[in-house]
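Each remark here refers to the structure printed beneath this line.
For ligands, and for the atoms within them, numbers begin at 1 and follow the listed sequence.
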Amino acid sequence: MPVSQKTTNRKLLLTPSVEEGPYYTPGSPERQSIADPGTSGSRLVVEGRVLDGHGRPIAHAFLDFWHADGHGKYDNEGYNLRGHQYTDKNGRYRLETVRPSQYMSRTAHIHAKVRATENSPVLTTQLFFPGVKKNATDPIFETLTVMDVADTKDGQKAVFDFVVDVG
Ligand code: FE
């Protein structure tokens, strides 16, 4: 199929990739709740779906998340604040964690790798928070991957739908 035709049929913009950065550790545990007890940072739940380019939810899509804690520190020895999971039959994921802080030149962000199926290309990206001052100066910041974030009685809830190339 010519590229132009494929583009014409596509209804949603694919989620842009953002660089992996230096702190990815392969082999994270499978879990939705990734913060060890006592981890610094306020409670954060991220929810959303993995969609194909036509907006169709993808069941059993793979997601791998990792991020810094409330002091801007990564666990580079173990797997705190690291975990992978799969979407449910409606293409939904839910991540229970703490809100990461900025570090060095970086604004607050959550790293993610997302793959629709075993044979699909891996999207490596980063999710950002709205209204963070450092978004303006972080050269890696990406407007298109800013989550919707709302305060709840129990921390914050963020929403983001990934749109991926199924391959
Ligand atoms: Fe990072």
Taking the six-membered ring of Tyr24 as reference, does the cationic atom of Lys113 (NZ for Lys, CZ for Arg) lie under 6.0 Å from its centre and within 45° of its axis? yes

Pair Asp154 + Arg43: basic N to acidic O under 4.0 Å: yes

Where the Fe ion (ligand 1) is the vertex, angle from His109 NE2 to His111 NE2 to 10°: 90°

Is Tyr103 close enough to the Fe ion (ligand 1) that one of its N, O or S atoms comes in under 2.8 Å? yes

Is it possible for you to check whether Arg49 lies under 6.0 Å from the centre of the six-membered ring of Phe162, through NZ or CZ, and within 45° of that ring's axis? no

Can a salt bridge be assigned to the pair Arg92 and Glu47 using a cut-off of 4.0 Å between side-chain N and carboxylate O? no

Under 2.8 Å from the Fe ion (ligand 1), is there an N/O/S atom belonging to Gln126? no

